[in-house]
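Please read the structure below before turning to the comments.
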Amino acid sequence: MALPPFATAADLAAVMQTPVDAAAADLALASASAVIRRWTRQTITRVVDDVAHLRVIDCDQLVLPQRPVESVSQVMVNALVLNDWVLSGDRLLRTGGWRYLPGTSSYPDPGIVQVTYTHGWDEIPDDVRGVCLDLASATLSNPSMLRQEAIDDYSRTFAAESLGLGGLSDTHKELLGDYRRRVGTARLR
């Protein structure tokens, strides 16, 4: 499933204050959105009825990988629909934990729970859109990734941040930090 970019070509033209080629803008925005998704490990865009396969590790809760979680429509194990769970934020809780099935004293191998849920934002948060536009505009303003160019007595030097490399700066990472998926209480870097 192809996810839409976090901003539009019109947004990019407004930020750059110049007309932009629609195909180039779409490509730059898609690339920038992919960089953000890869770093945050989140789709961010609203996804309805996404299916996640979660391995049960001896625990009381299952953490859904994408946030924010809007709703869970189904939880299944080996074609058995479970209804004895509670959604708490991005976690599924069950009385007695996830190591047993109803009417049994154990959990069948391989211990995979299939969860169908809806997650993400209806509207892309402004800071995410801003980072996307920043990356895309850097790519379009300097597509050859030049550090400097000179013609006769005219010279132009690009800042390192505008080299169009598609990478996130420390400032970008700080802005996106709250969206990055965490494991337990530790933040992944």
Side-chain angles (χ1 to χ4, degrees), residues 1-54 62-74 87-92 114-147 156 158-189:
M1 164 179 73
L3 295 169
F6 297 139
T8 66
D11 295 335
L12 187 56
V15 165
M16 295 183 70
Q17 299 179 3
T18 185
V20 295
D21 176 73
D26 290 344
L27 182 59
L29 290 165
S31 296
S33 298
V35 167
I36 293 167
R37 286 185 174 111
R38 185 173 46 252
W39 189 81
T40 61
R41 300 178 185 95
Q42 296 291 298
T43 60
I44 297 173
T45 305
R46 170 64 45 98
V47 178
V48 176
D49 290 337
D50 195 10
V51 177
H53 295 93
L54 307 172
L62 290 177
V63 180
L64 295 168
Q66 297 292 317
R67 298 183 323 248
V69 175
E70 179 182 299
S71 63
V72 173
S73 58
Q74 188 175 63
L87 177 64
S88 177
D90 63 350
R91 299 167 192 279
L92 287 176
Q114 178 179 303
V115 180
T116 304
Y117 69 120
T118 298
H119 57 79
W121 283 265
D122 277 327
E123 291 187 30
I124 301 303
D126 290 339
D127 43 1
V128 173
R129 176 178 281 111
V131 171
C132 179
L133 289 167
D134 193 45
L135 291 173
S137 63
T139 298
L140 290 183
S141 64
N142 188 6
S144 299
M145 296 186 289
L146 299 174
R147 176 72 176 118
R156 180 165 71 160
F158 294 95
E161 296 80 20
S162 66
L163 292 180
L165 299 175
L168 295 170
S169 69
D170 289 341
T171 301
H172 292 144
K173 290 177 182 177
E174 184 178 327
L175 287 168
L176 297 171
D178 290 339
Y179 301 97
R180 189 168 169 100
R181 185 174 62 192
R182 299 171 191 206
V183 175
T185 57
R187 180 176 288 189
L188 300 173
R189 292 271 177 208

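These numbers come from the heavy atoms of this one structure, side chains and all, not from hydrogens, waters or symmetry mates. Because the structure is predicted, anything quoted here is derived from the model rather than measured.
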Legend entry - Atom of A25, atom of V20 and distance for their closest heavy-atom approach: CB-CG2, 3.8 Å

Inset, instruction - Check side chain to side chain donor-acceptor pair (under 3.5 Å) between R129 and all other residues, then give those that pass, not counting sequence neighbours. - result: none

Inset, instruction - Report the distance from atom CZ of R91 to atom CG of L62, rounding to the nearest 0.5 Å. - result: 10.5 Å

Legend entry - Sidechain N-carboxylate O distance under 4.0 Å for R46, E123: no

Legend entry - Check: G120 main-chain N/O paired with E70 side-chain donor or acceptor under 3.5 Å: no

Inset, instruction - Compare every heavy atom of L135 with every heavy atom of V35, then report the nearest pair and how far apart it is. - result: CG1-CD1, 4.2 Å

Inset, instruction - Would you check if the side chain of S137 reaches a backbone N or O of D134 as a donor-acceptor pair within less than 3.5 Å? - result: yes

Less than 3.5 Å apart, which donor and acceptor atoms pair up between the side chains of residues 6-19 and the rest of the protein, not counting sequence neighbours?
residue, atom, partner, partner atom, Å
T8, OG1, A10, N, 3.4
T8, OG1, D11, N, 3.0
T8, OG1, D11, OD1, 3.4
T8, OG1, D11, OD2, 3.2
D11, OD2, T8, N, 3.0

Legend entry - Closest heavy-atom pair and its distance - R67, Y179: NH2-O, 3.4 Å

Legend entry - Approximate separation, where rounding is to 0.5 Å, of L54 CG and L64 CG: 6.0 Å

Inset, instruction - May I ask you to decide if T40's main-chain N or O and R181's side chain share a donor-acceptor pair within less than 3.5 Å? - result: no

Legend entry - Donor-acceptor pair, side chain of E174 and main chain of S169, under 3.5 angstrom: no

Legend entry - D49 side chain to Y117 side chain, donor-acceptor N/O pair below 3.5 angstrom: no

